[in-house]
Novice: 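Take a look at the following structure, please.
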Amino acid sequence: MKLYENEEEDGGVIKEQDRLLPIANVGRIMKQILPSNAKISKEAKETMQECVSEFISFVTGEASDKCHKEKRKTVNGDDICWALATLGFDDYAHPLKRFQSEFWRMLPKIYDFL
């Protein structure tokens, strides 16, 4: 049984670098949104890194609970969309669902192109 969020079932502790998204990736995403002359402090990147990692864990945990109740082992895109909506993130769930549908519709064309 897990006692702490960063503890694995076997009692081992998850390293911070395995729990958080790479800070370089977080910084790159942040830079894409900001004007080209904007600067981002290390503290801002670290804060965002914690937030997005926690958000992903939060949504994934909700989706995982759903799968567990349904006796499934694999979390899929529909589960993530359901979790987003359940947690009150409808503004994200609906566009993600549309993107997912479009992706699956286009996938055979992408494979044909390759």
Novice: Please tell me if the side chains of Ile56 and Ser53 come closer than 4.5 Å, counting only heavy atoms from C-beta onward.
Specialist: no

Novice: If you count every heavy atom of other residues, nucleotides or ligands that lies below 6.0 Å from Phe89 atom CZ, does the total exceed 12?
Specialist: yes

Novice: Got a sec: does the CE of Met30 have more than 12 other heavy atoms crowding it under 6.0 Å?
Specialist: yes

Novice: May I ask you to decide if Thr60's main-chain N or O and Ser64's side chain share a donor-acceptor pair within less than 3.5 Å?
Specialist: no

Novice: Please examine the side chains of Asp79 and Arg72, heavy atoms only from C-beta on, and report whether any two atoms are closer than 4.5 Å.
Specialist: yes

Novice: Could you check whether Lys66 pairs with Glu70 (Lys NZ or Arg NE/NH1/NH2 to Asp/Glu carboxylate O, under 4.0 Å)?
Specialist: yes

Novice: Using a 4.5 Å cut-off on heavy atoms from C-beta on, say whether the side chain of Glu46 contacts that of Val26.
Specialist: no

Novice: To the closest 0.5 Å, what do you measure between CD1 (Ile29) and CG (Leu21)?
Specialist: 7.5 Å

Novice: In terms of side-chain geometry, is the basic nitrogen of Arg19 or Glu50 positioned less than 4.0 Å from the acidic oxygen of its partner?
Specialist: yes

Novice: Could you give the distance from NZ (Lys97) to CG (Leu84), rounded to the nearest 0.5 Å?
Specialist: 11.0 Å

Novice: What's the shortest heavy-atom distance between Ala85 and Ala93, and which atoms?
Specialist: N-CB, 3.8 Å

Novice: Quick one: does Gln49's side chain get under 4.5 Å of Lys45's, heavy atoms only?
Specialist: no

Novice: Is Phe99 atom CZ crowded by more than 12 heavy atoms from other residues, nucleotides or ligands, each under 6.0 Å away?
Specialist: no

Novice: With rounding to the nearest 0.5 Å, note down the distance linking SG in Cys81 to CG in Asp90.
Specialist: 11.0 Å

